[in-house]
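Letters A, B, ... are given to chains in the order of the sequence lines, protein chains preceding strands, and every chain is numbered from 1.
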Amino acid sequence: MTDRRFNPAAADAKWQAAWEEAGCFVADSASEKPKSYVLEMFPYPSGRIHIGHVRNYTMGDVLARYKKMRGHEVLHPMGWDAFGMPAENAAMEKGVHPGGWTHDNIAHMKAQLKRIGFALDWTREFATCDASYYGHEQALFIALYEAGLVYRKQAEVNWDPVDMTVLANEQVIDGKGWRSGAEVEKRKLNQWFLKITDFAEELLDGLDSLDGWPDKVKLMQANWIGKSKGLQFAFDLSDGDKVEVYSTRPDTIFGASFVAVAADHPIASRVAEGDDAAQAFIEKCKAGGTTAAALETAEKLGFDTKLTARHPFTGEALPVYIANFVLMDYGTGAVMGVPGHDQRDFEFATKYDLPIPRVVAPNADDADKPFAGEAEPGEGVIVNSQFLDGLDVEAAKREVIARIEAAGAGEGKTVWRLRDWGVSRQRYWGTPIPFIHCDTCGVVPVPEEQLPVELPEDVEFDTPGNPLDRHPTWKHVDCPGCGGKAVRETDTLDTFVNSSWYFLRFASQPADKPFDRDEVAKWLPVEQYIGGIEHAILHLLYARFWTRALERIGMLDFAEPFASLFTQGMVTHETYQAGDGSWLSPGEVKKDGADYMRIEDGSPVTVGRVVKMSKSKKNVIDPDAIITQYGADAVRWFMLSDSPPERDLPWSEAGIEGCSRFVHRLWRLTTQRDAAASGEDLDLARKTHRTIAAVAEDIEALSFNKAVARIYELTGAVEKAQPSASREEAIETLLLLASPMMPHLAEEAWAEAGGEGLIANAAWPAVDPALLVEDEVTIAVQVKGKLRDTLTAAKGSSKEELEALALASDKVQRSLDGAAIRKVIVVPDRLVNIVT
RNA sequence: GCGGGUGUGGCGGAAUGGUAGACGCCGGGGACUUAAAAUCCCCUGAGCUUUGCUCGUGCGGGUUCGAGUCCCGCCACCCGCACCA
């Protein structure tokens, strides 16, 4: 017994040192134990750990510690997604070198992570900006090139005509450059691409094997890949040429009232040659950003080329437009416009006063039904369509495809929405693309013995644009082929490439190659991957692609990197605004009864919506400050309590106070033990064993909030119980169950009670199945579906017994009030419903 | 605009189609204390004619003996949209 209070600051440091000393969390790939690879998405070293990271890594940590308790050898690594634009922005704004800035940030954030007591194997740490990482990435890139999965082509970028630089989408605000304010233009550059479209079918089919992934993510990826079956066919044009169009709705072919081509379609270019107005329209289409959202929300604009296209069945002459909403990248870059059954076409036709025929109707009788101000893209019966009339949509599609194919005018075709992955970035702080341009030999890979191609240190950020391109010496090299003068590629790789294989490098990091295939096979696929839903498509699809590509070229033996995926919600917080509308940080505000006021001058504060923490709204909580105030365990407990992990977690002062109280409450309980207590408390023992089973189930399902609630319940039961051997067992169990969540308190209390070794190395408590059996159940009794009574019955009572018990109830009889019973529904061990 | 998701007390949430609100927070009352903090105990969805009854899971319909849960139609908010990470 002790009256010593739990001191988080001292305990945190003490046990973190003890774990490190014992090497508790260093993964041994030679271990005979079953292996578990638990991985959270590694952070971008922005400067400070934010509370969202804490939530993400706490979840992974609980799972990693739990798996270790279940006898697994656990790999739980951490590293840094260290290339990217913020470092270059810092260089421009503060005059610091991106590398120095990044390494300072990493040092700070690593210290922050260590304070939270995560069970991480720091011996495997690396940053993607280390040449010892990106050099191997260059080797992999060359390997993919040699396998024919890398190529170059012209592609559009956002061009800032004032700063003379390429802008990222986030740097384009309302179609203007973020620094210059100039109207952004689309410009074509020769860029590097990865052939992800070669894998479209397998990336789609592979989703079926990902049982551990959320359906919503699989659905999003499937839609992104976007396999569609349709018809590609040619219209004859009035000038004697043809235009190939692609449509996923060939059944609506009789509803076509125009043909539209993309602004960069060859037909558009040809029309523009002798037509200044057409040229001006095409130029206009080049203004603005390149994002899909910008294109699709922009007003639908068209230019009438005066050409006409001959309808293959009716012979009708349809006008041909150049339109800003047609994408050159998808299908053939030209479409047949069916306004009645496609919303974009509807808007376009309305604007340019084109006919809107109906060719699909709810019923055959509705052939002339007017449209209610919008297109009807759904199912129905084909009408006004000659030989298609009366068919359903699918049958009509087949019929049209068959007829067009028979006429030799086109063919049924599968088209993918997925586009090849453009990986060129005209920036310094990224992996140099390891190629050399030679006038004689063309594009030549850097020889393996010359890797890594390292970034030069001496670069200037005083002007926009790529410092690599304007560096005085770096790019000038001799051609590896002919030995003549040549230049390096100055584009660097998209940072998504860095995060497409880092999980392999964590598992195996030899000096002379990217990874060792056999070592990787010991750990991969990742058993549980945890990160934000915002990565549902791009990062996860790219990582899947990269893994499959490496499998195809024989470097890996598996196709899918992540067996299970979990996407966690954001951490949110109330917002506060002063009278003048300016945002206030939580530290500037205090609660005054039911209202809030500004500490500075007592002026009233408006409490705004609970939103994602962001610097601009100042509703940010600093993990360091709260760890100092409450200790790591209270913060970890808060991250796991209440909100289901896939949902948003609202941060609150009251909530963390409550968590802190519970840490101390558990401490008191464990220090009020009576080792000499004897005797059995069957109810408590049952509760204990039910809790062990339930908490294990909850942790495995990552339902941490439910596990937390069960630990609270058992704590409450222990507090009410009289001393007994069962109570001693319950307390020890509580410590073990809580140890993945509050490891510091658990160690301290374990040591206090004379527990053997570190609780971090302890085994998960065993469940006694005999104690899980229930012998009595509570039965709900309803009359006409409404609850009227509850009664207790022996588990497994027969339907007849339960019915008799229910009818014997006074409350039920009163409720029945003599009415005739029509039917009695009995659900064994649960409910009786009497219907009159 | 397109794709995906979420919606339950004052708040976070729990609930294999079967007792809606477990557990936590806030709030109220009490105990202990000279007093406070800490701690402990009790109450806490709304309403009513209070042995009990009625209403209640974003809104409107539907299926069912029975719907938070399944179906149809809406609304609001959140995530993604290929150069933010």
Side-chain angles (χ1 to χ4, degrees), chain A residues 5 41 43-44 46 81 83-86 157-158 166-172 191 196 214-217 219-224 226 290-298 300 325 329 343-344 347 417-427 494-496 499 532-539 541-542 567 569-570 572 594 609-612 641-644 646-650 652-659 661-662 664-665 668 705-706 708-713 716 719 778-782 784-790 810-811 814 822-825 827 830-836:
Chain A
R5 267 180 70 77
M41 293 179 184
Y44 178 77
S46 57
D81 189 12
F83 275 135
M85 288 204 305
V157 293
N158 299 305
V166 177
L167 299 179
N169 285 335
E170 71 159 9
Q171 297 174 318
V172 178
Q191 305 194 64
I196 191 172
D215 288 339
K216 62 175 173 182
V217 175
L219 191 54
M220 279 191 259
Q221 292 214 349
N223 288 340
W224 183 262
T290 57
T291 67
L295 295 174
E296 285 171 35
T297 50
K300 309 285 174 283
F325 65 93
D329 292 328
Q343 188 57 27
R344 286 174 309 184
E347 288 169 33
R417 207 187 77 98
L418 183 68
R419 307 199 299 262
D420 274 338
W421 176 12
V423 292
S424 282
R425 297 293 179 270
Q426 296 70 39
R427 274 183 261 287
D494 180 5
T495 56
F496 274 125
S499 53
I533 185 68
E534 66 273 21
H535 295 292
I537 297 175
L538 293 180
H539 161 59
L541 190 64
Y542 291 149
T567 57
M570 297 178 301
T572 58
R609 292 180 36 198
V610 177
V611 297
K612 179 179 182 169
S641 303
D642 294 353
S643 289
E646 69 278 10
R647 290 233 214 128
D648 290 352
L649 170 67
S652 79
E653 193 70 21
I656 185 70
E657 291 278 354
C659 291
R661 272 202 298 277
F662 183 68
H664 291 286
R665 184 175 155 203
R668 276 194 304 279
N705 57 321
K706 291 195 240 172
V708 162
R710 294 186 204 284
I711 289 173
Y712 273 118
E713 284 186 71
E719 284 169 339
T778 306
I779 306 290
V781 183
Q782 299 177 337
K784 287 198 285 185
K786 288 193 190 246
L787 183 73
R788 295 302 171 193
D789 199 4
T790 57
D810 287 347
K811 290 175 181 173
R814 219 178 309 138
R822 277 204 296 140
K823 186 170 167 187
V824 178
I825 290 143
V827 181
R830 293 216 70 121
L831 159 144
V832 179
N833 186 14
I834 300 161
V835 185
T836 59

Determine the interatomic distance between P on B/G7 and the same-named atom on B/C53; round to the nearest Å.
-> 31 Å

For A/Lys612, the side-chain contact (heavy atoms from CB on, under 4.5 Å) test, sequence neighbours excluded, returns A/Met570

Are the side chains of A/Arg665 and A/Tyr712 in touch, meaning some heavy atoms are under 4.5 Å apart?
-> yes

Please work out if A/Ile825 contacts a base, only the sugar-phosphate, or nothing of the nucleic acid, heavy-atom cut-off 4.0 Å.
-> base

Encoded 5' to 3' (Watson-Crick or G-U under 3.5 Å; [ ] crossing; | other strand), RNA chain B becomes (((((((..(((.....[....))).(((((.......))))).((((...))))..(((((..]....))))))))))))....

Just by protein heavy atoms under 4.0 Å, how would nucleotides 43-54 of chain B read 5' to 3' in B, S and -?
-> --------SSSS

Spacing of A/Lys784 atom NZ and A/Lys823 atom NZ [to the nearest 0.5 Å] | 14.5 Å

Tabulate protein N/O versus nucleotide N/O from nucleotides 68-71 of chain B, keeping only pairs under 3.5 Å, one per line.
none

Do A/Ile834 and A/Arg788 come within less than 4.5 Å of each other through their side chains, counting heavy atoms only?
-> no

Mind checking the P distance from B/G24 to B/C43? Whole angstroms is fine.
-> 13 Å

Have a look at A/Arg668 and say if it touches a base, only the backbone sugar-phosphate, or nothing, with a 4.0 Å heavy-atom cut-off.
-> sugar-phosphate

What distance, rounded to whole Å, do you find between the two C1' atoms, one in B/C41 and one in B/G56?
-> 31 Å

Whole-angstrom distance between B/C71 and B/C25, as gauged at atom P = 36 Å

Output the single nucleotide from B/U19, B/C78, B/G24 whose closest atom is nearest the side chain of A/Met570.
-> B/C78

For nucleotides 80-85 of chain B, just jot down a letter per nucleotide in 5' to 3' order: B, S or -, based on protein non-hydrogen atoms under 4.0 Å.
-> SBBBSB

Under 4.0 Å: is that the gap between some side-chain N or O of A/Arg647 and OP1 or OP2 of B/G12?
-> no

Most 5' of A/Val835 and A/Glu657 on RNA chain B, judged by nearest nucleotide | A/Glu657

Within the structure, does a side-chain N or O atom of A/Arg665 lie under 4.0 Å from either OP1 or OP2 of B/U39?
-> no

Report yes if at least one side-chain N or O of A/Asn705 is closer than 4.0 Å to OP1 or OP2 of B/G24; otherwise report no.
-> no

Counting side-chain heavy atoms from CB outward, which of B/G13, B/C26, B/C23 is closest to A/Ala709?
-> B/C23

Would a 4.5 Å heavy-atom cut-off, applied to side chains only, mark A/Arg822 and A/Val835 as touching?
-> yes

What nucleic acid atoms does A/Ser46 come within less than 4.0 Å of, heavy atoms only: base, sugar-phosphate, or nothing?
-> nothing

Whole-Å distance, A/Lys784 NZ to B/U64 P, equals 17 Å

Taking atom P in both B/C84 and B/U19, compute the distance separating them and give it to the nearest angstrom.
-> 49 Å

If you measure from the C1' atom in B/G66 to the same atom in B/A15, how many Å do you get, rounded?
-> 16 Å

Considering only B/G13, B/U19, B/G12, which nucleotide approaches the side chain of A/Pro650 most closely?
-> B/G12

For A/Asp215, the salt bridge (Lys or Arg N to Asp or Glu O under 4.0 Å) test, sequence neighbours excluded, returns A/Lys218

Can you tell me if the side-chain N/O atoms of A/Lys706 get under 4.0 Å from OP1 or OP2 in B/A15?
-> yes

With C1' as the reference atom in both, quote the distance from B/G27 to B/C74 in angstrom, rounded to an integer.
-> 36 Å

Is the glycosidic torsion of B/G9 within 90° of 0, making it syn, or is it anti?
-> syn

d(CD1, A/Ile834; P, B/G66) in whole Å = 15 Å

Whole-Å P distance, B/G5 and B/G60 = 24 Å

Mind checking whether A/Phe496 and A/Val423 have side chains closer than 4.5 Å, heavy atoms only?
-> no

What nucleic acid atoms does A/Asn223 come within less than 4.0 Å of, heavy atoms only: base, sugar-phosphate, or nothing?
-> sugar-phosphate

What is the distance, rounded to the nearest whole Å, between atom CZ of A/Arg344 and atom C1' of B/C2?
-> 9 Å

Please tell me which of A/Lys300 and A/Gln782 maps to the more 5' nucleotide of RNA chain B, matching each residue to the nucleotide holding its nearest heavy atom.
-> A/Lys300

Pair of N/O donor and acceptor under 3.5 Å linking B/G12 base with A/Asp642 side chain | yes

